[in-house]
Structure formats: C-alpha cells, structure tokens
Amino acid sequence: MADRGAGALSLPEDWPAHPDPILALNHMGSFDWDLDAGLFHMDAQAFEVFDLLPEEYDGRPESLSQRVPPPEAARLDSVVARAIKDGSENYGAYFRIRCRDGTPRWTHTQGYIRRDGSGRPRRVVGIVRDATQELADSAARSLRAAQDEAFRQQTNIVQVVSAALAHARSVQDVIDILKDTHGIENLGAASLVMGLVEAGRIRLVAEGPADSFVPGTRVTRTDEPYPMSEVVRTLVPRFIESAEEFADHYPILWPHLTDLHITSAAYLPLIAQARPIGAMGLLYDDRRGFSDEERAVLVALGSSIGQSLMRAMLYEQDKDVAQGLQQAMLPRTIPSVRGADVAVRYRSAAVGRDIGGDWYDLIPLPGGRVGAVIGDVQGHDTHAAAVMGQLRIVLRAYAAEGHPPATVMARASVFLHELDTDRFATCLYAEADLSTGVVQAVRAGHIDPLLRDADGTCRRVPVPGGLPLGLSADFGRLEYPVCTLELDPGHTLLLCTDGLVERPGADLDDGMRGLTDLIADGPDDVRALADLLIRMAERQGGEDDVALLLLRRRVPEAPRAGGRLQQHVAPGDPEALTQARHMIRAAVRSWGAHDRADEVELVADELITNALMHTEGAAIVTLRALEGAGRRLRIEVEDASSALPRRREAGEDGVSGRGLLLVDRLADVWGVEARGGGKAVWCEFQVP
C-alpha cells in the first residue's frame with residue numbers, strides 16, 4: 001500500500017508554527033517531525049485523524065503505537081527509511097490505524113524531507129488525512145489509482161515551484177519564479193495574475209506570461225466585484241469551473257478575458273500570519289472543473305506562495321533597515337586627498353538584519369598627512385554595527401588629535417574595553433605622508449596590507465601586530481609595533497577585511513596569494529581596481545562582509561618654497577630614528593634630488609646621532625625645500641643643549657670626532673643657530 005511516488009506538499013520553514021487554516025478546512029492535519037530531537041509534533045486536525053487527545057500523546061513517534069498497529073508501523077517506517085536512504089525529497093503512504101472504538105481507519109500521509117547542507121536529514125514536515133472513504137471499495141481504488149497519478153504529477157510540480165520559492169529574496173523574485181518555465185506553464189495554466197494588499201486595496205503586481213493588465217484593475221478595493229477581492233475578503237479559495245460561471249458571477253471582468261479563451265480559473269488567497277497579504281489567480285484554457293485533490297494541491301500552492309511572499313517582504317524590509325544602519329555608520333563621503341587617488345568599497349553579505357561590523361575610514365591630518373583605517377568588529381548583528389560606529393568615531397578623534405599611530409591604536413583598544421561589550425575588533429591603521437611617501441602602519445590582529453608597485457607587481461607587506469582592540473586592553477598588552485614603509489609615486493596601498501580573502505575550508509595564505517595575483521593583473525586606476533575586487537567577492541559569495549580601501553600616491557608636484565617636513569626623535573628610540581631616515585630618504589627622492597640622496601641621508605644621520613649622543617634630550621629634525629638663489633634642501637637638527645658643536649680631527653685609531661668633518665666635506669654650507677634654550681645645527685645642499 002506504500003506510495004513513495006506521491007509528492008509531499010512544500011511547506012514554509014516555520015510551519016506548522018502557524019498552520020494554514022485552509023488545511024483544516026480540507027480535513028488535513030499537519031505534522032513536524034524533528035529527527036534530531038526525536039519529537040513528532042502534530043496540529044489539532046492531525047490529532048483528530050489519529051483519534052487522539054493532546055493529553056494522551058507525549059510527542060514521541062513511538063507513542064502512536066496505541067493507534068498504529070505494529071505491522072502498519074513497520075511498513076510505514078520502511079517507507080520513510082527507504083526515502084531517507086535513497087536521498088528522496090518526499091514520500092507518501094497509506095496505512096491503517098485503530099480508532100478508539102476499535103474500528104479500522106485508512107489514513108494517507110505525505111512527508112517532505114528537509115536536509116542540511118551536507119545532505120543529512122534533519123526534519124520531516126507533511127500532512128495526514130482520513131482516507132477511509134477514498135479506499136472504500138475496489139472500484140473506487142482503481143479509479144483512485146489513475147487520479148493519484150495525476151495528483152502526484154501536480155504535487156511534484158508544486159514541489160518544484162515551492163523549492164524555487166525557498167530561495168526568493170524579494171517580491172520580484174517570487175513573481176519571476178511563478179512566471180518562468182517552472183511556474184504557471186508547468187501548472188497547466190494559461191495565465192497568472194497576482195495582487196498585494198496595501199492599505200485596504202489590492203495592487204496588481206504581476207500578470208503573465210505577457211504584461212496585459214486589464215484596464216481599471218491595477219488598484220482595486222477589496223469590496224469590488226472581482227474574484228481577487230472576494231478571496232481577500234473571505235480568505236476562501238474561489239474555483240470557477242466554466243466560462244459560463246465566470247461570465248455570470250464577474251460580468252465586469254469577463255469581457256476583458258474573452259480573447260484568452262478561459263474555460264476555468266482558480267483564485268487563491270495568499271495568507272501569512274493569519275492575515276491576507278494578497279491574492280493569486282490561475283486561468284486555464286483547456287480544462288473544466290477541479291477535483292478535490294486538485295483543489296487541495298492548489299490550496300497548498302497558495303499557502304506556500306503566501307509564506308514565500310511574506311518572507312520576501314520581511315527580508316526586503318530587514319535588508320533596508322540593516323543597510324541603512326550600516327551606511328549611517330560608515331563615512332558619508334571620502335575626503336579628497338591632495339597627492340593621492342582613493343577608492344573605498346563595501347559589500348554586505350548580510351541576510352536580513354545580520355549585518356557585520358566591517359568599516360573603513362580616511363582621516364585628513366595636519367601637514368598633508370592622511371590616516372587610512374580598515375577594521376572589523378566581531379559578530380554579524382546590529383550590535384556589531386553599533387560598536388563599529390563608536391569605534392570609528394574615537395579612532396578618528398584620536399588620530400586628529402595628533403597622536404602617533406601606536407598611541408591611536410592603544411587608546412582605541414582601551415575605549416573598546418571600557419565600552420563594557422563582549423566584542424573585540426581587528427584593525428589596521430596606516431598614517432601616510434604623501435609629500436614624502438613615508439607610511440607608518442600599526443596592526444591589531446588584522447590581516448596584512450598589500451602594496452602594488454607602479455609596474456603592477458603586488459606583494460604582501462608583513463606588519464608586526466598586537467592583539468585585537470579590546471583584548472589588548474583586557475590583557476594589559478597595549479604595545480603596537482610601528483612598521484614604516486615607503487609609498488613611491490604610482491604605488492597603491494590596499495587595506496581590506498578578511499571577507500575578501502577568507503573562504504570556508506580554504507587557507508588564508510592561499511586567499512592572500514590569489515588576491516595578490518588578481519591585483520597584479522588588475523587596472524592601474526584605483527576605482528576600476530576596487531570594482532574588480534568587489535565583483536570577485538560577489539562571484540565567490542561568502543558569508544562575511546567586505547570592506548576595502550585603496551590609496552594610490554600620485555607623482556608629486558614640484559616642491560614649493562617653504563615646503564617643510566618634521567620628525568621628533570626621542571633618545572633611546574631606535575624606531576623614531578629609523579622613521580626619520582625614511583622621511584629624509586623618501587623626501588629627497590620625491591623632490592628629484594636623486595644624485596645627492598646618499599649624501600643628504602648620511603649628513604642628516606650624523607647630525608641626529610650627534611644631538612642624541614652629546615645632549616640629554618630629544619632631537620627635532622626638519623627638512624625644507626628652499627627656492628631663491630638656486631634650489632636648495634636644508635636640514636636642521638634642533639636640541640635643547642646650548643653647548644655649540646666643535647669640529648676636531650680624529651686620531652688615527654679614533655672612532656669618534658668625524659661627524660662634523662663629514663658634514664663639512666659633504667654639505668655645501670652648514671652652521672649653528674641659537675634657538676632659545678637650545679640650538680639648531682643646519683646644512684644645505686644645492687640640487688638641480
């Protein structure tokens with residue numbers, strides 16, 4: 001008696017939490033079998049089918065043995081097990097139960113097997129119904145066999161349509177699925193019409209296959225004499241079994257349909273959360289009348305479409321809210337940066353309100369510098385987005401106050417820790433001086449940046465990192481090493497979040513190598529390159545958001561008179577000394593003094609070293625481009641000591657005393673100036 005070919009109704013994800021009342025009207029009960037928990041939930045109509053009271057049943061399938069005889073239970077279990085083992089999506093079977101008074105009852109069940117991404121069955125949902133009258137005698141059973149074949153075909157079609165509807169993310173997706181070759185044509189209909197209820201009216205949103213709206217029906221009231229208005233008012237399907245019936249009951253609408261040669265029609269209310277959200281009509285040109293089974297299939301189809309429409313509408317609303325919140329947290333505009341081309345992009349992989357905490361920012365700083373930020377707050381929800389917004393604001397504030405990159409990162413970590421949230425964040429902050437190309441970068445648990453040379457070569461830049469923001473303050477480890485790199489004219493710095501490179505089951509290093517190759521082959525224009533990377537991320541999908549920032553240094557303009565760069569070097573701070581050397585070397589190259597670059601760097605290094613060795617304070621290094629009697633580069637090293645430097649000849653084996661001698665030999669001119677409580681040793685180089 002098992003009927004494995006019978007298709008199962010496709011039911012919404014949350015079914016039977018909100019069972020369709022129309023199923024009850026058709027004497028169908030619904031069930032939801034949680035395979036993991038071993039619980040078999042039934043609605044009120046299903047209890048009637050099994051002749052059980054809710055208090056007599058504890059939710060376990062085994063407890064149905066009081067109604068299902070062991071042979072029938074074994075046969076039914078065999079059908080279900082075979083369907084699961086074969087990878088089938090549905091099963092159907094007839095079986096007998098023993099009623100409370102001892103009389104037998106034939107029952108029919110249809111189940112739809114839901115599986116997870118790995119193919120493992122997790123849940124079975126379906127219907128049960130009293131089939132006693134259906135199988136009353138052999139003649140009826142023979143007729144039923146032929147009818148069941150057609151019924152199976154229809155339910156399989158409904159299954160295909162319902163499976164496609166499960167992926168709909170917008171109302172238009174639902175309409176497109178119903179209008180394509182898997183929709184109304186497979187259902188045997190000649191045309192489809194659909195309307196949505198809005199503010200007490202029905203707005204027509206689809207008619208197909210071709211768009212040929214009937215005049216005056218684009219927006220109608222629910223009290224007008226149209227079949228869609230009727231089913232919305234009554235919540236009961238309307239089956240029109242002949243052209244004559246259509247013409248008699250709807251004389252206003254019928255004249256507009258005569259060219260379609262309609263012979264019958266089915267109008268279905270689209271119900272979700274116990275209220276009408278719309279109506280759908282299927283019009284046929286090759287049939288008259290509907291059997292009980294056909295009506296049941298169409299009712300189930302309407303239920304599935306109604307649930308899919310509601311999910312799509314809620315998804316669209318949630319997506320609008322989430323995207324609005326995300327956009328409100330990100331910078332509205334990116335400032336124009338002198339000497340650089342900048343492109344930023346953000347791609348949300350969110351579903352509904354599940355948005356991420358990825359962000360980017362570009363911060364103009366004094367002295368022609370700019371701060372570039374990329375970060376990612378843990379989690380994918382509105383709380384992550386809210387934390388991201390606060391963190392972006394404080395990072396911008398700390399950077400604008402003039403703190404060095406390591407201090408900016410440490411203070412941001414303390415802020416996040418004191419925010420009393422359970423979230424941490426990864427971040428990379430790079431401060432670039434576009435006049436010299438010197439970039440100072442710090443990293444808090446984030447992925448490394450990439451650097452693309454002017455010739456297209458791209459490489460990953462290892463940046464020593466500290467703990468993520470929030471965690472470093474929690475563990476009392478606020479040290480963030482500073483990495484100094486040089487951004488030559490035509491070079492592009494790329495900062496991104498891990499959503500651009502991470503894929504489930506794939507190695508991060510492989511993702512970085514693939515991204516490096518893509519950037520190397522990409523266009524020079526940063527906007528076109530950013531678009532290419534976002535398109536790649538969209539093709540690959542992924543469950544994480546993507547934020548990226550590209551900063552390309554332009555070829556600098558000729559230096560103007562009074563152009564000035566400055567670096568503070570504290571005693572015992574080798575990192576600051578290295579940064580000063582980077583600044584001088586990059587500035588000399590960018591200002592076109594390549595021929596004297598080594599001399600300038602060597603002399604500057606000697607002056608800085610002397611100031612640190614022979615005084616007890618810090619040194620302030622200033623580099624200026626001067627115009628006038630020829631173009632000159634001037635280096636000044638200022639300290640707090642009033643003692644003047646003294647040039648002396650070093651002995652044959654001396655290891656000191658050569659500094660000022662070297663300055664005198666290499667610089668065109670040099671001298672000493674008193675500066676309040678200290679002095680400045682300066683030198684100048686004539687350059688082409």
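Side chains are part of it too, since the values below use all heavy atoms of this structure and drop only hydrogens, waters and symmetry mates.
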Practice task
Begin from the C-alpha positions of Leu508 and Val501 and carry the test side chain to side chain contact (heavy atoms under 4.5 Å, CB included) through to its verdict.
Solution key: CA-CA 7 Å; Leu508 177 61; Val501 293; 3.5 Å; yes
Completion exercise
Nearest heavy-atom contact between Phe290 and Ile240 is CE1-O, 3.7 Å
Exercise for the section: Compute whether any side-chain donor of one residue and acceptor of the other, for Thr497 and Asp358, lie under 3.5 angstrom apart. Expected result: yes
Exercise for the section: Carefully, step by step, assess Trp254 and Asp248 under the rule side chain to side chain contact (heavy atoms under 4.5 Å, CB included). Expected result: CA-CA 9 Å; Trp254 177 249; Asp248 289 343; over 6 Å; no
Exercise for the section: Would you indicate whether the side-chain heavy atoms of Ile534 and Val546 approach each other to under 4.5 Å? Expected result: yes
Practice task
For the pair Ser308 (side chain) and Ser304 (backbone), establish whether a donor and an acceptor sit closer than 3.5 Å, ignoring hydrogens and angles.
Solution key: yes
Handout entry: For the student: nearest non-hydrogen atoms of Ser63 and Asp58, plus distance
Key = OG-OD1, 2.6 Å
Problem - Short side-chain to backbone donor-acceptor contact, Arg122 and Arg115, under 3.5 Å - result: no
Practice task
Compare every heavy atom of Ser30 with every heavy atom of Ala46, then report the nearest pair and how far apart it is.
Solution key: CB-O, 3.6 Å
Handout entry: Parallel, tilted or perpendicular: ring planes of Tyr94 versus His108, cut at 30 and 60 degrees
Key = tilted
Problem - Side-chain (Glu72) to main-chain (Pro69) donor-acceptor, under 3.5 angstrom - result: no
Problem - Rounded distance [0.5 Å steps], CD in Glu294 versus CZ in Phe239 - result: 9.5 Å
Practice task
May I ask you to check whether over 12 heavy atoms, not counting those of Arg238, lie within 6.0 Å of atom CZ?
Solution key: yes
Practice task
In sequence, state the C-alpha distance, the side-chain angles, and the governing distance for Asp376 and Thr426, and then conclude on side chain to side chain donor-acceptor pair (under 3.5 Å).
Solution key: CA-CA 5 Å; Asp376 183 3; Thr426 66; 5.0 Å; no
Practice task
Keeping the roles fixed (side chain from Asp34, backbone from Gly38), state whether a donor-acceptor pair exists under 3.5 Å.
Solution key: no
Problem - Side-chain heavy-atom pair Val193, Tyr267 within 4.5 angstrom cut-off - result: yes
Practice task
Verify, without hydrogens or angle tests, whether Thr132 (side chain) and Trp106 (backbone) share a donor-acceptor contact under 3.5 angstrom.
Solution key: yes
Problem - Any side-chain heavy-atom pair of Pro104 and Cys99 under 4.5 Å - result: no
Practice task
Return the set of residues passing ring-ring contact (aromatic ring centres under 6.0 Å, His included) with Tyr250 (not counting sequence neighbours), or none when no residue passes.
Solution key: Phe246
Handout entry: Side-chain touch Ser229/Ile202, heavy atoms, less than 4.5 angstrom
Key = yes
Practice task
Check whether any side-chain N or O of Asp43 sits under 3.5 Å from a backbone N or O of Gly29 as a donor-acceptor pair, and report yes or no.
Solution key: no
Practice task
Using distance alone, with no hydrogens and no angle criterion, decide if Thr263 and Asp285 have a side-chain donor and acceptor under 3.5 Å apart.
Solution key: no
Problem - Heavy-atom pair with the smallest gap, counting every atom of Leu515 and Cys496 - result: CD2-SG, 4.2 Å
Exercise for the section: Look at the side chain of Arg105 and the backbone N and O of Val49, then say whether any donor-acceptor pair between them is shorter than 3.5 Å. Expected result: yes
Handout entry: Separation between CE of Met42 and CG of Asp32, rounded to the nearest 0.5 Å
Key = 12.0 Å
Handout entry: Rounded distance [0.5 Å steps], CZ in Arg345 versus CZ in Arg535
Key = 10.0 Å
Problem - Arg288 and Glu244: CA distance, side-chain angles, deciding distance, salt bridge (Lys or Arg N to Asp or Glu O under 4.0 Å) verdict - result: CA-CA 11 Å; Arg288 294 174 68 92; Glu244 294 77 15; 3.4 Å; yes
Handout entry: Minimum side-chain heavy-atom gap Arg82-Lys85 below 4.5 Å
Key = no
Handout entry: Student check: side-chain heavy atoms of Leu52 and Gln66 closer than 4.5 Å
Key = yes
Exercise for the section: Compute whether any side-chain donor of one residue and acceptor of the other, for Asp86 and Ser88, lie under 3.5 angstrom apart. Expected result: no
Exercise for the section: Evaluate the side-chain proximity of Asp51 to Glu48: yes if any heavy-atom separation is below 4.5 Å, no if none is. Expected result: no
Problem - Test item: Glu245 side-chain N/O and Glu241 main-chain N/O as donor-acceptor pair under 3.5 Å - result: yes
Practice task
Please lay out, stage by stage, how Leu282 and Leu192 fare under the test side chain to side chain contact (heavy atoms under 4.5 Å, CB included).
Solution key: CA-CA 5 Å; Leu282 292 172; Leu192 169 144; 4.0 Å; yes
Exercise for the section: Report the relative orientation of the aromatic rings in Phe31 and Phe40; use parallel for angles under 30°, tilted for 30 to 60°, perpendicular for over 60°. Expected result: parallel
Exercise for the section: Answer yes or no: is there a donor N or O on one side and an acceptor on the other, between the side chain of Arg67 and the main chain of Phe50, under 3.5 Å? Expected result: yes
Exercise for the section: Tell me, with the steps shown, if Leu500 and Met536 meet side chain to side chain contact (heavy atoms under 4.5 Å, CB included). Expected result: CA-CA 9 Å; Leu500 191 62; Met536 180 269 292; 3.9 Å; yes
Practice task
Please confirm whether the backbone N or O of Gln378 pairs with a side-chain atom of Arg423, one donor and one acceptor, at under 3.5 Å?
Solution key: yes
Practice task
Under the salt bridge (Lys or Arg N to Asp or Glu O under 4.0 Å) rule, what do Asp36 and Arg120 come out as? Steps first, then yes or no, please.
Solution key: CA-CA 10 Å; Asp36 291 334; Arg120 178 186 175 190; 3.4 Å; yes
Handout entry: For the student: nearest non-hydrogen atoms of Ile277 and Gly306, plus distance
Key = CD1-O, 3.4 Å
Practice task
Measure the shortest side-chain to side-chain distance between Ile113 and Glu89 over non-hydrogen atoms and say whether it is less than 4.5 angstrom.
Solution key: no
Practice task
Please name the residue in the list Thr109, Val68, Leu64 that meets the side-chain contact (heavy atoms from CB on, under 4.5 Å) test with Leu76.
Solution key: Thr109
